[in-house]
Amino acid sequence: MKKVLIIGDPGVDDAFAIMYALRHPEIEVVGIVSGYGNVSQQDTVRNTKLLLDLADLEEIPIILGADRPLTGEEPQYFYDVHGNYGLGGLIPDSPASIKVYPLTKVYELIDEHGKDLTLANLSRLSTLALMYLHPENNLDQVDQVLIMGGAFHVPGNVTPLAEANVYGDPQAAKVVAKHGRNLTFIPLNVSNRAIITNEVIDYLAQNSSSPYTPILEPIMSYYSKQYETIMPGINGAPLHDVTLFSYLLNPDRYFTVNRQVHVTVDGPSRGLTHADFRPNPKTLDKDPIHTIVVDFDSSFFVKDFIKIMS
Ligand code: BDR
Ligand code: CA
């Protein structure tokens, strides 16, 4: 059983990743930190609550993460991609009140689960950076930290060079790359090919029996429609954030390299991530070496997604 603490910004692909993790028989979700990114924090908290309530998992704590980049600049949201409420075409109810925990709860959860715990960061890296910058943090106790982020020598998605989670707070990404240990980056190199088709969603909508079955199609259809413009010719959409949990449980289906990760924080190439992929890379300073996932078995990804979501 893998215990995970999720940091996310649901967001359509985050929502699918959260559903996948909550449905997976070998994953125990110990908490969900709601940040900002795809949509505002107010929306991510409400969306997280909806996903927990549908599965009768109200006991999983919702924790407030960062609501803006480390610099304090206003976040740029992506309602055009993720829908008016962040869940595609779904219009969620607004509960009168939602119980949330302060960020200090993550340190309690890390103390409690220690080496059994994986941190899965699906959003801007602001919360994770704040955690690393805390002088008394206990992050060295966790087993590993998985990050959906970066685009290594491939086109970005929010700019020609940058991936959204890094671009949204590049200073935070730099802090995490410098201070993090046992980090694995799953970048667009892989996640852009983690495509779930509309037919798969139709199949699940008709043949699965989970508390999530009724919401799969409304969430996905808006998002995949937007992706027709973002990636012309695509049938469906990439579920970037699901790759973290697929990798966690099936690492042998993913191909990795170990390199230092560099981040450009400003200028026209803001949010660019790069690494020295030469066979004999040069290391700079004493910065740590991280794992970067560069390839995967995409047909396995789809089959496994169907199995877990069924
Ligand atoms: C990442 O950015 C967000 O829009 C998605 O949820 C994903 O985490 C993809 O670049
Ligand atoms: Ca996300």
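Please read all numbers here as calculations on a predicted model, not as lab measurements. Read the numbers this way: they start at 1 and go in the same order the structure lists the ligands and their atoms.
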Query raised in the report: Which residue and non-hydrogen atom of the protein lie closest to atom 2 (O) of ligand 1, and at what distance in Å?
Result: N165 OD1, 3.3 Å

Report task. Report, in ascending order of atom number, the atoms of ligand 1 lying under 4.0 Å from any heavy atom of H82. Result -> 4 (O)

Report task. Could you list the atoms of ligand 1 found under 4.0 angstrom from a heavy atom of M148? Result -> 1 (C), 7 (C), 8 (O), 9 (C)

Requested in this report: Within a distance under 4.0 Å of any heavy atom of A164, pick out the atoms of ligand 1 and give their elements.
Outcome: 2 (O), 10 (O)

Query raised in the report: Taking the Ca ion (ligand 2) as the centre, how many protein N/O/S atoms fall inside a distance shorter than 3.0 Å?
Result: 5

Query raised in the report: What's the shortest distance from atom 8 (O) of ligand 1 to any protein heavy atom, and which residue and atom give it?
Result: D241 OD1, 2.7 Å

Query raised in the report: Nearest to atom 3 (C) of ligand 1, what protein heavy atom do you find, and at what distance?
Result: N38 OD1, 3.0 Å

**Report entry** Which of the ligand 1 atoms, numbered from 1, are nearer than 4.0 Å to a heavy atom of N157
**Finding:** 9 (C), 10 (O)

Query raised in the report: At a 4.0 Å threshold, what atoms of ligand 1 neighbour a non-hydrogen atom of R124?
Result: 2 (O), 3 (C)

**Report entry** F16 ring center near Y20 ring center (under 6.0 Å)
**Finding:** no

Query raised in the report: Short N/O distance, under 3.5 Å, between L122 and ligand 1?
Result: yes

Query raised in the report: Do the charged groups of K282 and D276 touch, with an N to O distance under 4.0 Å?
Result: no

Query raised in the report: Should the pair R68-E74 be classified as a salt bridge under the 4.0 Å nitrogen-to-oxygen rule?
Result: yes

Query raised in the report: Is N182 close to D143 at the side-chain level, that is, under 4.5 Å between some pair of heavy atoms?
Result: no

Requested in this report: Have a look at D13 and tell me which of N38, L122, V81 forms a side chain to side chain contact (heavy atoms under 4.5 Å, CB included) with it.
Outcome: N38

Report summary line: Going by the 4.0 angstrom heavy-atom rule, the piece of V81 near ligand 1 is neither

Query - Close N or O approach (D14, ligand 1; < 3.5 Å) - result: yes

Query raised in the report: What are the atoms of ligand 1, with element, lying closer than 4.0 Å to any heavy atom of D13?
Result: 5 (C), 6 (O), 7 (C), 8 (O)

Query - E26/K307 ion pair, N-O < 4.0 Å - result: no

Requested in this report: Please identify each residue that fulfils side chain to side chain contact (heavy atoms under 4.5 Å, CB included) with V100, with sequence neighbours left out.
Outcome: V45, I62, L64, I98

Query raised in the report: Mind checking whether E163 has an N or O less than 3.5 Å away from an N or O of ligand 1?
Result: yes

Report task. Report yes or no: is the cationic atom of K99 (NZ for Lys, CZ for Arg) closer than 6.0 Å to the six-membered ring centre of Y101, at no more than 45° off its axis? Result -> yes

Query raised in the report: Side chains of L139 and Y132: closer than 4.5 Å at any heavy-atom pair?
Result: yes

**Report entry** V4 with M131, same ILVMFWY side-chain cluster at under 4.5 Å
**Finding:** no

Query raised in the report: Under the 6.0 Å and 45° cation-pi test, does R259 pair with F277?
Result: no

Report task. Output the list of atoms in ligand 1 that are nearer than 4.0 Å to some heavy atom of H240, sorted by atom number. Result -> 9 (C)

Requested in this report: Kindly indicate whether the side chain of V190, heavy atoms from C-beta on, has any atom under 4.5 Å from the side chain of Y254.
Outcome: yes

**Report entry** H82-Y223 aromatic ring centre distance below 6.0 Å
**Finding:** yes

